[in-house]
Number of protein chains: 2
Amino acid sequence: MHSLLNVATDLEERNPIGVVPPINVNPYRAACVDCRVSSLCLPTGLCKHGNDRFSELIRQRIRIKKGYGLYHANDPLEYLYAVRLGSFKTCFANAEGQGLVTNFWMPGDTMGCDAISTNRHVCSAFALEDSEVCLIPYQRLESLAHEFPFLQQSLNRLLSSEIVREHKRLLMMCNLTAEERMASFLLGLSKRYVERGFSAHSFVLRMSRDDIASYLGLRLETVCRCIAHLRHLDIVQFSGRTVEILNLPGLKALEHGYSKGSAANQ
Amino acid sequence: MHSLLNVATDLEERNPIGVVPPINVNPYRAACVDCRVSSLCLPTGLCKHGNDRFSELIRQRIRIKKGYGLYHANDPLEYLYAVRLGSFKTCFANAEGQGLVTNFWMPGDTMGCDAISTNRHVCSAFALEDSEVCLIPYQRLESLAHEFPFLQQSLNRLLSSEIVREHKRLLMMCNLTAEERMASFLLGLSKRYVERGFSAHSFVLRMSRDDIASYLGLRLETVCRCIAHLRHLDIVQFSGRTVEILNLPGLKALEHGYSKGSAANQ
DNA sequence: CGAAGCATTGAGGCGCATCAATCCCCGTGG
DNA sequence: CCACGGGGATTGATGCGCCTCAATGCTTCG
């Protein structure tokens, strides 16, 4: 039991890496200054000069079509990848082929940091919609971070915050019921959309039910049932992948299990 | 359901931080050159000069008695902590007081990296036996890492490898049964003891059944039952916290679920 | 030596996985 | 235009693994 599908295999076969040539976008244009999500990205807070130098690093900005892979487990670490547009999922699998979705990535997020430890990617990244990423050559990033200590600190914080995020996820897996996880997931998405200037109440899920299930440590059917329940409670409206949060406080209450008769924690 | 005990509270109360004054050990003696676990620690691979400079950072080496706290969630990040002797657990808790054991730490491990993201510790660390740690002042470590790029790279790799470790743990939580997790846990411990020059077959658990349960996302009783089962299979001998692995290949088979009639994955 | 904490074992129930059938949506081609 | 097929989503029935509650044994330490 508990053997989740290998979430990568099906897509990997659709995209033997290298088959889809990266599409170079605006190679001569400064990447960061006019980027909509620069305030969330790695060079945030860097001085003008540092920011310019960082922009010079980004020699390639590439487009990835929906469903295709950007990098794969065991690829040598060459770049970190900053999402500029669209969204991705990353999948981690062991030797036995059991795998899971480790994260969903939105504009401003930087993917691939887990590769630094071994100089090889341990996850595979797939576009959930037509997307655009900036390629950050890691070697040169290291050099630049040496020149600009603030950048080094940002990188350290980025790495550390991934550890904390994983801690929180572990906590969720251990302590929350399926419904609480689902509520937590939707609230997390909502928050991230707000950070990016979108509505907190209304958004479109870019990932399948199966991806959500994998991310939450559940099965697809359980996710569906949770969604059905949220609908019946009139807390969230779903139509396909379009989400409408009707009762945000109610959803937050669900996340903390206040709906059940658990020990009264204020 | 699923509300694990707050693993920190009981011990926190026994040790309001500051009550136990750190015991300064050998302040004038170079810390790293003669350390038994220097080969596993942060400055590994650093040049002679860099190693000397790193040693100078370590102005304090302190002893912590069994059960007492070393640092606590929300403490400002001042030091990273390198375990020199003994062992620790770190606990992470959310606002509701639900918590879990995030990791167990052995000599050569460096604790506190998750604090870099917010400049405050997010976990609390407790000694599982009388222990000794080196205090690495983080600000000064940053400066030294700037002087010695190799040290910076080691730090980056350390952070990144914590992310990968958490990925693996998540995978374990999602894909493995209680018994497989228990087998995986024991094998992990065994491996780490070997790295430190101890026996692969025979060791003492420093943590309680409850700690193990929390770490594995299980309940104490389930851990006990798994132990009982391993004992009946003559794969592992337990007497209290002393462990004797009688059948290492058998244990590895259990970890991958080959005992059950799962789909024949070679 | 008694108390407190830790560990073990048993009985019973619940939450989620599993298996299976059906539905819906959408792109494709006759 | 509709028939067709395929992948994703939904819903139901059933069973199992682990949690929960509870009683008892064991170890440790003042």
Side-chain angles (χ1 to χ4, degrees), chain A residues 1-5 7 9-11 13-14 66-67 98 100 128 172-182 204-214 216-232 236-243 257 259-263, chain B residues 1-5 7 9-11 13-14 65-67 89 98 100 128-130 172-182 204-214 216-232 238-243 257 259-263:
Chain A
M1 64 156 301
H2 276 278
S3 63
L4 291 175
L5 291 172
V7 282
T9 308
D10 49 349
L11 282 166
E13 280 164 10
R14 278 168 58 189
K66 175 175 177 172
Q98 299 173 312
L100 52 70
L128 296 174
M172 180 193 79
M173 298 284 218
C174 289
N175 287 329
L176 302 193
T177 63
E179 190 160 297
E180 289 162 6
R181 292 184 213 184
M182 193 65 212
V204 174
L205 299 174
R206 297 302 177 180
M207 66 295 287
S208 70
R209 302 288 193 259
D210 211 10
D211 288 337
I212 297 173
S214 176
L216 296 178
L218 300 170
R219 328 258 52 209
L220 175 156
E221 297 92 327
T222 306
V223 167
C224 279
R225 275 181 251 273
C226 288
I227 286 174
H229 189 219
L230 288 176
R231 198 171 8 224
H232 290 141
V236 185
Q237 188 57 256
F238 285 82
S239 59
R241 295 190 177 181
T242 303
V243 176
S259 64
K260 305 167 309 167
S262 71
Chain B
M1 65 158 297
H2 275 279
S3 64
L4 291 175
L5 292 172
V7 282
T9 309
D10 49 349
L11 282 166
E13 279 163 12
R14 279 168 56 188
K65 290 199 78 66
K66 175 175 177 173
K89 68 173 176 183
Q98 300 174 312
L100 52 72
L128 296 173
E129 58 190 309
D130 292 357
M172 180 192 80
M173 298 283 220
C174 290
N175 287 330
L176 302 193
T177 64
E179 191 159 297
E180 289 161 7
R181 293 184 212 184
M182 193 66 212
V204 175
L205 299 174
R206 297 302 177 178
M207 66 294 288
S208 70
R209 302 289 195 258
D210 210 9
D211 288 338
I212 297 173
S214 177
L216 297 178
L218 301 169
R219 328 258 50 210
L220 175 156
E221 298 93 325
T222 307
V223 167
C224 278
R225 275 181 251 270
C226 289
I227 287 175
H229 190 219
L230 288 176
R231 197 174 5 226
H232 290 142
F238 285 82
S239 59
R241 295 190 178 182
T242 303
V243 176
S259 65
K260 304 167 309 163
S262 70

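It should be emphasised that the depicted structure is a prediction, and the values quoted were computed from it without experimental measurement. Each chain gets a letter, A, B and so on, in the order its sequence line appears, and its residues count up from 1. Both backbone and side-chain heavy atoms feed into the values below; hydrogens, waters and symmetry mates do not.
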Given atom CE of Met207(A) and atom P of dA9(D), what is their separation to the nearest angstrom? 11 Å
Work out which heavy atom in Gly217(A) is nearest to a heavy atom in Cys174(B); give both atom names and the distance. CA-SG, 3.7 Å
Tell me the interatomic distance from Asp211(A), atom CG, to dG7(D), atom P, rounded to whole angstroms. 16 Å
Over how many whole Å does the gap from Met173(B) atom CE to dC19(D) atom P extend? 11 Å
What is the separation between atom NE2 on His229(A) and atom P on dA9(D), rounded to the nearest whole Å? 21 Å
Measure from the side chain of Arg219(A), starting at C-beta and using heavy atoms only, and say which of dA9(D), dA17(C), dT10(D) lies closest. dA17(C)
Between Leu176(B) and Arg181(B) the two heavy atoms that sit nearest each other are O-NE, 3.0 Å
OP1 or OP2 of dG15(C) less than 4.0 angstrom from a side-chain nitrogen or oxygen of Thr177(A), does that happen here? no
Taking atom types as they are modelled, would you say the side chain of Arg225(B) forms a donor-acceptor pair with the base of dT20(D) within the 3.5 Å cutoff? yes
Nearest-nucleotide wise, let me know which of Ala178(A) and Cys224(B) is further upstream toward the 5' end of DNA chain C. Cys224(B)
Integer-rounded Å distance: dT8(C) P and Leu230(B) CG: 12 Å
Derivation of the side chain to side chain contact (heavy atoms under 4.5 Å, CB included) call for Leu216(A) and Met172(A): CA-CA 8 Å; Leu216(A) 296 178; Met172(A) 180 193 79; 3.7 Å; yes
Give a yes or no on whether a donor-acceptor pair under 3.5 Å exists between the nucleobase atoms of dC21(D), that is its base, and the side chain of Glu221(B). yes
Can you list the steps and then say if Arg209(A) with Ile227(A) is a side chain to side chain contact (heavy atoms under 4.5 Å, CB included)? CA-CA 10 Å; Arg209(A) 302 288 193 259; Ile227(A) 286 174; 3.4 Å; yes
Rounded distance in Å - CG (Leu218(B)) to C1' (dG15(C)): 15 Å
List the steps, then state whether side chain to side chain contact (heavy atoms under 4.5 Å, CB included) holds for Glu180(A) with Asn175(A). CA-CA 9 Å; Glu180(A) 289 162 6; Asn175(A) 287 329; over 6 Å; no
Round to a whole Å and report the spacing from CG of Leu220(A) to C1' of dA20(C). 14 Å
Taking only N and O in the side chain of Thr222(B), is any of them less than 4.0 Å away from OP1 or OP2 of dC19(D)? yes
Rounded to the nearest Å, what distance is computed from the CG atom of residue Leu216(A) to the P atom of nucleotide dC16(C)? 12 Å
